[in-house]
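In this chain, numbering begins with 1 at the start of the sequence shown.
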Amino acid sequence: MNCTATDVAGVAACEVRLTLPYPPSANTYWKPSKGRGLVPSDEAKAYKADVARVAALAKARPLFGAVQVVVTVYRPRASGDLDNTLKVLNDALNGLAWLDDEQVVRILAVREDDKRAPRAEVHATAARFATPEEAAAHLRAKAERAAKARATRNRNRAAKARSALRMPKSLADLASSATYRKGKGGTP
């Protein structure tokens with residue numbers, strides 16, 4: 001975790017190098033949650049905790065600005081989608097190797113096989129590391145966006161529930177709903 005490496009253009013850059021456990025499948029990484037959409041599974045939470053431990057031991061700091069990533073994934077068997085592996089890795093490295101995976105502008109990914117030591121080797125570079133203040137501001141902004149999304153979702157649910165309870169506004173509405181029910185075998 002230093003700033004002496006050079007990027008592909010030969011410009012001095014800060015870097016984060018990590019060797020991580022092989023990630024779980026993206027198909028098991030997310031699970032549906034009633035009213036919340038998709039949330040990380042227990043397996044995902046455990047993987048994120050493992051990645052956080054590795055990053056802490058390596059004294060990794062999040063990069064700031066445009067990030068370039070080189071990843072070599074060593075699979076335990078000759079199956080698996082490299083793209084899904086990258087999605088899981090990028091998510092797990094948020095706040096550790098970079099502030100947010102939206103910063104990643106270039107990825108070079110290679111897939112290899114290694115039954116004895118499956119892993120992912122990550123080398124990320126950017127012009128500089130994020131300051132503690134920038135990292136804290138990013139976390140606050142992320143929490144605010146999440147709170148706003150929750151509030152909007154709750155408002156929309158409440159409005160939908162209210163509209164389902166509303167009575168028809170006119171006799172024509174009553175007649176059309178009675179005709180509909182009658183046509184379906186119901187009684188007006």
Side-chain angles (χ1 to χ4, degrees), residues 1-31 33 36-41 43-75 80-112 118-153:
M1 304 332 113
N2 60 51
C3 291
T4 59
T6 57
D7 66 11
V8 290
V11 177
C14 297
E15 68 176 6
V16 174
R17 286 183 183 265
L18 298 168
T19 300
L20 304 170
Y22 185 78
S25 166
N27 298 327
T28 62
Y29 197 76
W30 301 101
K31 66 178 182 178
S33 174
R36 292 181 49 206
L38 295 176
V39 297
S41 66
E43 185 179 9
K45 291 175 188 172
Y47 184 73
K48 283 184 173 188
D50 290 344
V51 169
R53 277 190 288 279
V54 170
L57 288 172
K59 296 181 175 37
R61 297 183 347 213
L63 296 164
F64 187 82
V67 175
Q68 298 183 53
V69 182
V70 177
V71 180
T72 305
V73 177
Y74 296 88
R75 304 181 299 179
D81 186 337
L82 180 61
D83 183 49
N84 284 338
T85 303
L86 293 175
K87 291 174 190 174
V88 171
L89 283 169
N90 283 348
D91 184 63
L93 288 167
N94 282 337
L96 303 170
W98 44 73
L99 296 174
D100 195 286
D101 55 4
E102 69 184 14
Q103 293 173 249
V104 177
V105 297
R106 180 175 293 147
I107 298 175
L108 171 61
V110 178
R111 184 186 72 203
E112 301 285 344
R119 64 196 179 279
E121 296 176 352
V122 179
H123 179 213
T125 59
R128 66 181 181 88
F129 289 110
T131 65
E133 295 80 16
E134 289 166 332
H138 177 77
L139 288 176
R140 280 192 305 276
K142 186 176 178 181
E144 289 169 5
R145 285 191 305 271
K148 185 176 180 180
R150 274 191 306 278
T152 300
R153 191 170 49 244

Distance-minimising heavy-atom pair for [X] and [Y]:
X: Ala60; Y: Leu18; result: CB-CD2, 4.4 Å
X: Gln103; Y: Leu63; result: NE2-O, 3.1 Å
X: Cys14; Y: Ala127; result: SG-O, 3.7 Å
X: Ala109; Y: Leu86; result: CB-CD1, 3.7 Å

Knowing that exactly one of Val51, Val16, Val67 qualifies, which makes a side-chain contact (heavy atoms from CB on, under 4.5 Å) with Leu93?
-> Val51
Nearest-0.5 Å distance, [atom1] of residue [X] to [atom2] of residue [Y]:
X: Tyr22; Y: Thr85; atom1: OH; atom2: OG1; result: 4.0 Å
X: Thr125; Y: Arg17; atom1: OG1; atom2: CZ; result: 9.5 Å
X: Arg61; Y: Leu96; atom1: CZ; atom2: CG; result: 13.5 Å
X: Asn94; Y: His138; atom1: CG; atom2: NE2; result: 7.0 Å

Sequence neighbours excluded, which residues qualify as salt bridge (charged side-chain N to carboxylate O under 4.0 Å, His left out) partners of Lys87?
-> Asp83
[Y] side chain reached by [X] side chain, heavy atoms, under 4.5 Å:
X: Val73; Y: Leu89; answer: yes
X: Pro62; Y: Phe129; answer: no
X: Asn90; Y: Trp98; answer: yes

Who passes side chain to side chain contact (heavy atoms under 4.5 Å, CB included) against Glu112, sequence neighbours left out?
-> Thr72, Tyr74, Val110
Only counting residues at least two apart or in another chain, list the ones meeting side chain to side chain contact (heavy atoms under 4.5 Å, CB included) with Pro24.
-> Thr28, Tyr29, Glu43, Tyr47, Val88
